[in-house]
Amino acid sequence: MQFADIILPLNLPLTLTYGVPVELQGLVQPGMRVEVGLGRNKIYSGLVLQVHNFKPEHYTVKPIRNLVDEAPVVFPLQLQFWQWIARYYLCSLGEVMHAALPAHLKLMSESLLIWNDMYEQPPTGLSDNAFIVAEALHIRKQLTIGEIRQLLDGRNTSKAINELLEIELAIVTELLEEKYKARTERYVFLEAAYEAEQKLQEAFAALEKAPKQLSLLLTFFQLKQQQAGIPVAALLKKAKASAAQLNALAEKGLFRFENIATDRLPSGESNGDAAFTLNDAQQQAFTAIRKGWADNKVVLLHGITGSGKTLIYIQLIREAIAAGKQALFLLPEIALTTQVVSRLKAYFGDELGVYHSRFSNNERVEIWNKVKDGKYKVVLGPRSALWLPYQELDCIIVDEEHDTSYKQYEPAPRFHARDAAIYLASLHKARVLLGSATPSVESTFNAQQKKYEYVPLKERYRGVSLPEIEPVSAKNTQVALSGLMTTNLLDAIARTLAEGKQVILFQNKRGYAPFLICGACGWIPLCKNCDVSLTYHKQTDKLHCHYCGTKSAPIKHCLQCGNTQITTRSFGTERIEEELQRIFPKARTARMDWDSMRGKNKQSQLIEDFTRGRVDILVGTQMVVKGLDFEQVGLVGILSADSLLSYPDFRVNERGFQLMEQVSGRAGRLDGKGHVIIQTFNLRHPVLQWVKEHDFRGFYQAEIGMRQQFGYPPFTRMVRLTCRHRDMQKAAQGAEALAEELQKIPGIFIQGPAAALVPRVRNFYLQEIWLKLPREAAPLQQGKEGISVAINAVMQQRGNAALQIIADVDPF
DNA sequence: AGCACGCCGACT
DNA sequence: GTCGGCGTGCTC
Ligand SMILES: [Zn+2]
Ligand SMILES: [Zn+2]
């Protein structure tokens, strides 16, 4: 007897073992989806992890019911990758599977109620709900549980269903359906009989009095030279004919129709062999990258904005394709709307697959298959592109490697795509290139330690020079704008606009008024689900909670003392745009933040407008840094540098430096007159000095010293454990119990528990424990295993069932 | 994730 | 008394 360990896309601690029935022996392979029963009568498509001969001792196995696939949909290498993710990031294989497989490859049965034909009609004596279901069932003959829930509005469905099953009015079966549906298109073919010359002549003759049909037939033959079947839509369009005319020909027996599965993904033509040459600096960097790779090292390419990293990437990808392998190009999701996509498409055409969150579930399956079949040689995508089934990767390029969006937080697996990419590459024996204008402290440290090869690319492409950075004291602000914009900034904006150049203003708060307070008693409107203050949004005329998304009616008077004077503190992007319109009425303003970019093509539209000079002043949050890739702006203003440099996180300086450096990169200009103004109440903040001098080295030296002194990464590894419970007491007790269990682990440093920065979100109370672990692989893994044990111990304690413990390895 | 089992409040 | 609410535990 053979057995198979099956992964189900659920948060189960382990795989489940099923028996391989005789008729499936030899057919079940790792990576295949199989139908398995779970619990009373659910059927899932699970994924085979391995097949073996070890009979489980403590329970009797259920058999695999059937195969879903004839061949594996997941490669063995991917299963290894999943197992590493689960181990390293402290989550279950099921959670990894859930994240990795496209939704339409994960099947779960739905219960189907079928009318029993022994009954002629619904009997009397049923409860109201059961009667409603019985009547519907009588007409429709079968209903899914979902349909019944809809019918009864979700109330008391199980009772009604049990009532019907009791009297055998209906029987229940489980239905496991393939979710992926190929898109089909109607094609028209010439009937075989008309392939004969003479028969065809007759047909043409008979059409003399129907010129429209004749011309349609001629168009058909014109197109038929390329392919036998012609898409109906294309034919009608080309012939400018109607469906009725086509049907008339079909009725005469000339044509037959067939529905053929087609590709959902648009195929782009490449520019053929678009030739380009690397300049000297690029060529040098390219050679250095190849050398680093030859030494089996990860390469860190430190190239300032506008140094032309993309061309180097393209050249490396070309070589990967030439070697008959695949390449993966990772980007932060938000950067996938920029010109990079069209640039790569121009070079790689149909061999390039782009992956992002806007694809439908059916499209994702098609992308999955094209990667698996090797039709895509290059994949450009965000962190989720790591899950695709690559046959053989030659290289992985992680651009903007410092970017925080590479770290997934919710839900598990809480992985870092840059780090996971390095492991995935090692499985493929592929090479890794990390690229950034502001490399992370971790990667720079690895380069310093000679673990990575460091390749600088200093020269700015096309001779664009670095902008002048001017920190200005925010004390020097106009009274009317109470701390919003300094006269330096206002003057600079006016000057820049007068020169016909564009302005970008950066403010890290969205909405209109991020903070409201009663002028009389100091009362602050708070979210009812979270421990945070609410932000007023003018666009919706509502108060928004940025943690749970709840929108509530705006406050007209204080709920505590009744005072009608509610004052606002701080300025969001909405308010800034409004003020700018008032101060610079002739300037065309635009806003780029989470709220204004929600629509489908909003972001690409804005980029288009900005590039074509249809926007004079752009106000935005982080998005203006990450979501734009042009660098021809006259002035960049950072309205409040202090908010970027004062929050409790050991990476605060790193983030602040990276952000301001990246923002500055937007202000490089060919004429060498780019200008950046940074408003602050602390002109002497060291980060501002480093930014001012573009002094990456100085920043790094200071930062790495601090990390070493206080035992932060890269000198240690951190794990954050969050206890989440609806009850404040239970959350705190759970965290205490967890901390106690953690004490048993040797060699780890425990900080906490303490309430999270925001102690309550969506009505869940959050308690955090921060752990420092040794960075060496073996004791690190030992420590993590200890953490798993501790979590399990706490979860098994009575009364902790509703407690959630979230482990976040290498938190960001 | 579902689903069954079991223990308490508010209805006949 | 029972009906049904949800908190708890399990799925090979
Ligand atoms: Zn008040
Ligand atoms: Zn909230």
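Naming convention: chains lettered A, B, ... in sequence-line order (proteins, then strands); numbering from 1 in each chain.
- No hydrogens or angles considered: nothing links the side chains of A/Trp368 and A/Glu366 as a donor-acceptor pair under 3.5 Å.
- Picking from C/dC12, B/dC3, B/dA1 the nucleotide with the shortest atom distance to the side chain of A/Leu10 gives B/dA1.
- Note: NZ (A/Lys42) to C1' (B/dC3) measures 9 Å, nearest angstrom.
- Comparing B/dA1, C/dT8, C/dT11 by their closest approach to the side chain of A/Ala801 singles out C/dT8.
- In this structure, A/Asp128 atom CG and C/dG4 atom P are separated by 12 Å, rounded to whole Å.
- Remark: P of C/dC12 and NZ of A/Lys55 are 15 Å apart, rounded to the nearest angstrom.
- Remark on DNA chain C: of its neighbouring residues A/Ala802 and A/Lys159, the 5'-side contact belongs to A/Lys159, judged by nearest-heavy-atom nucleotide.
- Atom C1' of nucleotide B/dA4 and atom CD1 of A/Ile161 are separated by 15 Å, given to the nearest angstrom.
- Ring-plane geometry between A/Trp84 and A/Tyr89 is classed as perpendicular, the angle between the planes exceeding 60 degrees on a 0 to 90 degree scale with a lower cut at 30.
- In this structure, CG of A/Asn162 is placed 14 Å from C1' of C/dC3, rounded to the nearest angstrom.
- Remark: C1' of C/dT11 and NE2 of A/His58 are 17 Å apart, rounded to the nearest angstrom.
- Residues A/Gln767 and A/Thr722 have side chains that never bring a donor and an acceptor to within less than 3.5 angstrom of each other.
- The distance between atom CG of A/Leu176 and atom P of B/dG2, rounded to the nearest whole Å, is 14 Å.
- Annotation: side chain of A/Pro759 is not in contact with side chain of A/Leu766 (no heavy-atom distance under 4.5 Å).
- The closest side-chain donor-acceptor pair between A/Ser127 and A/Glu163 falls under 3.5 angstrom.
- The side chain of A/Arg798 lies closest to C/dG9 when the candidates are B/dA1, C/dG9, B/dC3.
- Side-chain N/O atoms of A/Tyr59 and base N/O atoms of C/dC12 include a donor-acceptor pair closer than 3.5 Å.
- Atoms CG (A/Leu12) and P (B/dG2) sit 13 Å apart, rounded to a whole Å.
- Across all strands, A/Gly19 comes closer than 4.0 Å to no nucleic acid atom at all (heavy-atom distances).
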